[in-house]
Amino acid sequence: MGTGITSILLHEFPYNAQWLRYISYICFGLNVLLFTIFLALTVIRYVVYPEIWCVMIAHPAQSLFLGCFPMAFASEFFFFFSLFLLIFGFEFILDAKPARLTERQPSST
Amino acid sequence: MMVLACSHWGEWLIYTAWVLWWVDVWLSLATCISMPFIVMHRHRPNLENITAALLLPIVPSIVASASGGIIAEVLPSTDHAIMTLITSYILWGIGEFFTGCVLALYFHRLTVHSIPPKEVVVSVFLPIGPLGQGGFGIQELGKVAAKVLPGTTTFGVIENGAARAAETLYTCGVFLAVMMWGFGVAWMTLAFITIATMRKFPFNMGWWGFTFPLGVLATCTGSLAKNLDSGFFKITTAVSSTHPSYWLWGNDANSSSRSFPCWWCLSGSWWPSGPLSWQ
């Protein structure tokens, strides 16, 4: 989550420059790497020691951190999504929704 | 031909992202609703032991709602976009109102039992998270509503209701975000004062709590700068954006290896012999 927000912030920095964007892509790469490593470690942990799951749920502090998974997951793949749009351009996204654009035209006139 | 291939690709990508978003929605709802119940039923903490970490299972629904705004903007079908938009508003409501409850509880705890112990003191920054992310999310949703709603049959009771509702939602989004930004800055000030009262506090996993809340407050500020076309918010974004990067890349010059969070996580003793083996 921390690395994810760093890449988003560098990307959206108000006085932006190309080199900041490159740093943000590096941060994003690091983010994906860390997320994958920790996800794999966590999965292995609960597969190898399933009994830890119940201990973790009962732990008053650790169990609360479960919420960090969906948070990291969201910031992770939405940056990926916007990066994809950025690299391959918004044109094809516009191409992909002609239905809505034409549908809305009569109402705006 | 190329464009056609690409547009096919684009639609496929958008719908993959949409499916992943729904997965995220259910995961966030699962943590957001089950964890408070587990806290009530299993943990039953004393008031003294409550920290702002209680917000952690709740914030994902706000994050999911902000992400929903991003995905609704590009969905090809208006129906799907509206469905996503409404779901995102619901998620935003669940997250923000739960946050209100937890903040009241946390404020009560701070008032009665003073500031948290050194080990978990970084958690005083966590209340900024849902406020910053919520402020960003509600602006994003308002922006998408302004694009998606006009021309639809929603809000049909009023004449030209959809277009007027779209404007209202956009305006209310920015308005709410300004207020949440203010409350977020108030909590941030409180957090900095709390930190200032402590000379030294140990490095631990909770330190990531510096990065995310301050970071989302900066994204909220960035959206405000765009929506209000404000130089003040633009400069504030630039200043506040530098904090998370600074904290992330290690800040304690005295102990360089320990201060590098990633290194700490990898070298830390959190594997089976870690903190969970207390039983």
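Residue numbers begin at 1 in each chain, while the letters A, B, ... track the order of the sequences. Side chains included, hydrogens not; waters and symmetry mates left out as well; all remaining heavy atoms used.
Smallest separation of non-hydrogen atoms from B/Ala218 and A/Leu9: CB-CD2, 3.6 Å. Nearest heavy atoms, B/Leu20 versus A/Phe73: O-CE2, 3.8 Å. Closest approach of A/Met71 and B/Leu56 over heavy atoms only: CE-O, 3.4 Å. Shortest non-hydrogen contact noted between B/Arg42 and A/Ala58 is NH2-CB, 3.2 Å.
In this structure, the portions of B/Ala17 lying under 4.5 Å from any heavy atom of chain A include both its backbone and its side chain. Both the backbone and the side chain of B/Ala53 come within contact range of chain A, with heavy atoms under 4.5 Å apart. Contacts between B/Val216 and chain A at a heavy-atom distance below 4.5 Å involve backbone atoms as well as side-chain atoms. Within the 4.5 angstrom heavy-atom criterion, atoms from both the backbone and the side chain of B/Leu27 approach chain A. For chain A, the nearby parts of B/Ile235 are the backbone and the side chain; heavy atoms of each come within less than 4.5 Å. For a residue to count as touching a neighbouring chain, one of its non-hydrogen atoms must lie under 4.5 Å from one of that chain's; by this rule B/Ile50 does not touch chain A. When heavy atoms are compared at a cutoff of 4.5 Å, A/Ile23 does not approach chain B at all.
Atom CD of A/Glu51 has more than 12 neighbouring heavy atoms from other residues, nucleotides or ligands inside a 6.0 Å radius.
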Start with the C-alpha gap between B/Thr237 and A/Phe13, add the side-chain angles, then the distance that decides, and say whether side chain to side chain contact (heavy atoms under 4.5 Å, CB included) holds.
CA-CA 8 Å; B/Thr237 313; A/Phe13 200 73; over 6 Å; no

Please test A/Leu64 against B/Val39 for side chain to side chain contact (heavy atoms under 4.5 Å, CB included), starting from the C-alpha separation and ending with a verdict.
CA-CA 9 Å; A/Leu64 297 175; B/Val39 170; 3.8 Å; yes

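With rounding to the nearest 0.5 angstrom, the CD1 atom of A/Ile57 is 4.5 Å from the CD1 atom of B/Ile38.
In this structure B/Thr221 satisfies the side chain to side chain donor-acceptor pair (under 3.5 Å) test together with B/Trp181, sequence neighbours excluded.
Among the candidates B/Pro60, B/Ser61, B/Cys32, the single residue satisfying the side-chain contact (heavy atoms from CB on, under 4.5 Å) test with A/Pro70 is B/Pro60.
Remark: side-chain polar atoms of B/His43 are not paired, donor with acceptor, to backbone N or O of A/Ser63 under 3.5 angstrom.
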